[in-house]
Amino acid sequence: MFRTNASREFQPETVNIEDLVPQDHLLRKINETIDFSFIAEKCRPLYCEDNGRPCMDPVMLFKMLLIGYLYGIRSERRLIEEIRVNIAYRWFVGLSLTDPVPHHSIFSQNRRRRFQQSEIYQEIFDEIVLQAIQHGFIDGKQLFTDSTFLQANASKSKFKKQKVTATPKEYMEQLEKAIDEDRVQHGKKPLKKNESKLEEREIRVSTTDPESGFMVRDGKPEGFFYLDHRTVDGKYNFITDVYVTPGNVHDSAPYLERLDRQISRFGFRVEEVALDAGYLTIPICQGLKEREIFAVIAHRSFRPKKGLFFKWQFKYIPEKDVYLCPAKHELSYKTTNRSGYREYKSNPKVCKNCPFLSKCTHSKTFTKTITRHVWEDAKEWARRNRLSERGKQLYKRRSQTIERSFADAKELHGLRYARYRGLAKVREQCLLIAVAQNIEKMALILSKRGKGFVIRFISHIQFPVSV
């Protein structure tokens, strides 16, 4: 029988907001399995104890931010509107059906005045990682690292050119020592200290967001970007490190420092790492070999001039410290330069009449020069790792770990674009996205295991440091 609902005035009802949230809702799983109590203690030093107006509960504040990153809500104004009308959101942050929702300006004012100069976002990220370690989801034995770019909130056409001085690499002191030792072993004097001025180069600086970097890479979009350098653990693919740089910083620059931070902060005993070709630098190979970590790094091909032999066709003989060319002639050691490369040169009298001369060199003096870095053994060690069966299996896992982590962050949590301007604010965004991913993963795993409880976490637990 056809009928319509008769219009009626709304009657007062008594309801429990707890009953209105579905039992299988993600936020309910998070609330039952994640301990957020540490946030209040972390934020306490940032507030005045006995003066000013009562503050908004910092746990509520960060839960509201977390909702935005969990569900990809980019606008804080829209986030407040969603919390106002969504019962599950209200329940999760601790608001009743009639409680007023805080104004959206609270986020921006806290970010600008209270949190921007602190390490609160990094501390919250670290505490969630430590909770995952407590649950046994992270063991720190197998790490995968890569970087992805976020488009800065700036036009690529609005910039000014500026000259900057190149910063000395952190490993330079160690390299200079290795160069001097190598020269002495070959009967040469150590090089004099280089007193030349640091190299200057011209870069583009955005007039909209000066802290972003102009990125130019093969196969990548050109413009102003930030880079999110991320590491994930191989056990359950939890994110263990996030570090943000301008888009013109090389992937390899912060790697070893961030690896050491994870070892010291979380007590990781790293056994294996897998990296893409952007990390195939001799300092990284040397650093990983010194740390006794099995490293697999993708190959990067270098093509010689058309028609010339490849470098691998010249075989190094360590016993005699010479190279053999394809014609079996020796290239002997001559010197070790400031860049850390040994120079091996052929005998021009022999090369002049060699039938392979045209395929070997275009030098007018008939001399072939091959260079070998003082840390070349470390690079060859990494190459052998890559070609081993263990290395091949390890590298295959990159697509299931770090690449998948970035894909989820971009598609579901808003990592494609920088929401804010400035390195500190973009760093906040990347850290909170990682927190959201880790929390969601931890809650889902614990819910499947039937662990509907919260482990009360002690933040001052000290983990052993692996040297």
Side-chain angles (χ1 to χ4, degrees), residues 121-122 125 129 142-154 167 169-171 203 209 211-234 237-262 270 272-281 283-285 287-288 293 295-300 382 394-395 397-420 422-438:
Y121 302 107
Q122 182 68 59
F125 171 81
V129 172
Q142 194 179 77
L143 300 180
F144 300 84
T145 302
D146 203 352
S147 73
T148 192
F149 53 86
L150 294 77
Q151 184 172 328
N153 189 3
T167 306
K169 305 295 184 183
E170 293 183 1
Y171 60 82
I203 64 171
D209 183 359
E211 294 185 3
S212 63
F214 193 83
M215 188 177 74
V216 180
R217 296 188 182 185
D218 291 338
K220 306 289 185 182
E222 184 178 293
F224 290 101
F225 291 88
Y226 286 95
L227 289 177
D228 178 1
H229 305 263
R230 176 179 291 194
T231 299
V232 300
D233 181 78
N237 205 27
F238 277 82
I239 304 162
T240 58
D241 189 62
V242 170
Y243 187 68
V244 180
T245 66
N248 53 4
V249 174
H250 195 273
D251 289 352
S252 62
Y255 176 71
L256 290 175
E257 181 182 351
R258 300 307 297 182
L259 176 64
D260 289 339
R261 184 192 183 276
Q262 294 172 76
V270 185
E272 301 175 325
V273 299
L275 309 166
D276 72 2
Y279 297 84
L280 186 59
T281 67
I284 284 184
C285 294
L288 291 171
I293 298 173
V296 176
I297 308 177
H299 175 63
R300 185 178 2 173
L394 180 63
Y395 192 78
R397 295 205 61 215
R398 285 189 72 259
S399 61
Q400 306 162 21
T401 53
I402 185 65
E403 292 180 6
R404 181 171 181 175
S405 180
F406 277 139
D408 288 346
K410 286 177 178 284
E411 290 297 321
L412 305 176
H413 304 289
L415 192 64
R416 292 188 185 278
Y417 304 96
R419 296 187 180 184
Y420 315 109
L423 188 62
K425 294 179 181 179
V426 177
R427 180 169 175 257
E428 167 200 334
Q429 175 184 347
C430 293
L431 282 168
L432 289 178
I433 286 175
V435 167
Q437 288 182 266
N438 281 348

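For this chain, numbers begin at 1 and follow the sequence in order. Side chains included, hydrogens not; waters and symmetry mates left out as well; all remaining heavy atoms used.
No hydrogens or angles considered: nothing links the side chains of R258 and T231 as a donor-acceptor pair under 3.5 Å. Of the N and O atoms on the side chains of D233 and T240, not one donor lies less than 3.5 Å from an acceptor on the other residue.
Taking CG of L431 as the start and CG of D241 as the end, the distance is 9.0 Å to the nearest 0.5 Å. Separation of atoms CD (E403) and OG1 (T148) is listed at 10.0 Å; rounding is to 0.5 Å. Rounded to the nearest 0.5 angstrom, Y279 OH and S252 OG are separated by 8.0 Å. For the atom pair N248 CG and F214 CZ, the distance stands at 10.0 Å (nearest 0.5 Å). Here the straight-line distance linking atom CG of L288 with atom CD1 of I293 works out to 5.5 Å at 0.5 Å rounding. Put simply, CZ on F224 and CG on L150 are 15.5 Å apart, with the number rounded to the nearest 0.5 Å.
In this structure, D209 does not pair ionically with K425, as no charged nitrogen and carboxylate oxygen lie closer than 4.0 Å.
In this structure, Y226 and E211 have side chains that are in contact, with non-hydrogen atoms separated by less than 4.5 Å. Between Y255 and T281, every side-chain heavy-atom pair lies at or beyond the 4.5 Å cut-off. Residues R397 and F144 form a side-chain contact, since some pair of their non-hydrogen atoms from C-beta on lies under 4.5 Å apart.
Applying the 6.0 Å contact sphere to CZ of R404 captures no more than 12 heavy atoms from other residues, nucleotides or ligands.
Across A298 and Y395, no two heavy atoms sit closer than the pair CB-OH, 3.2 Å. Of all heavy-atom pairs spanning F125 and A434, the tightest one is CE1-CB, 3.7 Å. For the residue pair A274 and R398, the shortest heavy atom distance occurs at CB-CG, 4.0 Å. Contact between I297 and C285 at its shortest, heavy atoms only, is CD1-SG, 4.0 Å. Pairing each heavy atom of P221 with each of M215, the nearest pair is O-CE, 3.6 Å. Pairing each heavy atom of I433 with each of A409, the nearest pair is CG2-CB, 4.0 Å.
Applying the side chain to side chain contact (heavy atoms under 4.5 Å, CB included) criterion to E411, with sequence neighbours excluded, gives R416.
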Problem set entry | I239 and R230: CA distance, side-chain angles, deciding distance, side chain to side chain contact (heavy atoms under 4.5 Å, CB included) verdict | CA-CA 7 Å; I239 304 162; R230 176 179 291 194; 3.4 Å; yes
Problem set entry | CA sep, side-chain torsions, deciding dist, call: L415, Q437, side chain to side chain contact (heavy atoms under 4.5 Å, CB included) | CA-CA 12 Å; L415 192 64; Q437 288 182 266; 5.9 Å; no
For this session: Tell me, with the steps shown, if E428 and R419 meet side chain to side chain contact (heavy atoms under 4.5 Å, CB included).
Result: CA-CA 10 Å; E428 167 200 334; R419 296 187 180 184; over 6 Å; no
Problem set entry | Step-by-step side chain to side chain contact (heavy atoms under 4.5 Å, CB included) determination, T145 to V273 | CA-CA 8 Å; T145 302; V273 299; over 6 Å; no
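Relative to the six-membered ring of F149, K410 meets both conditions, a distance below 6.0 Å and an angle of at most 45° to the axis.
Under the 3.5 Å distance criterion, the side-chain polar atoms of Q429 are matched with a main-chain donor or acceptor of G414. With N153 contributing its side chain and Y420 its backbone, the two residues share no donor-acceptor pair below 3.5 Å.
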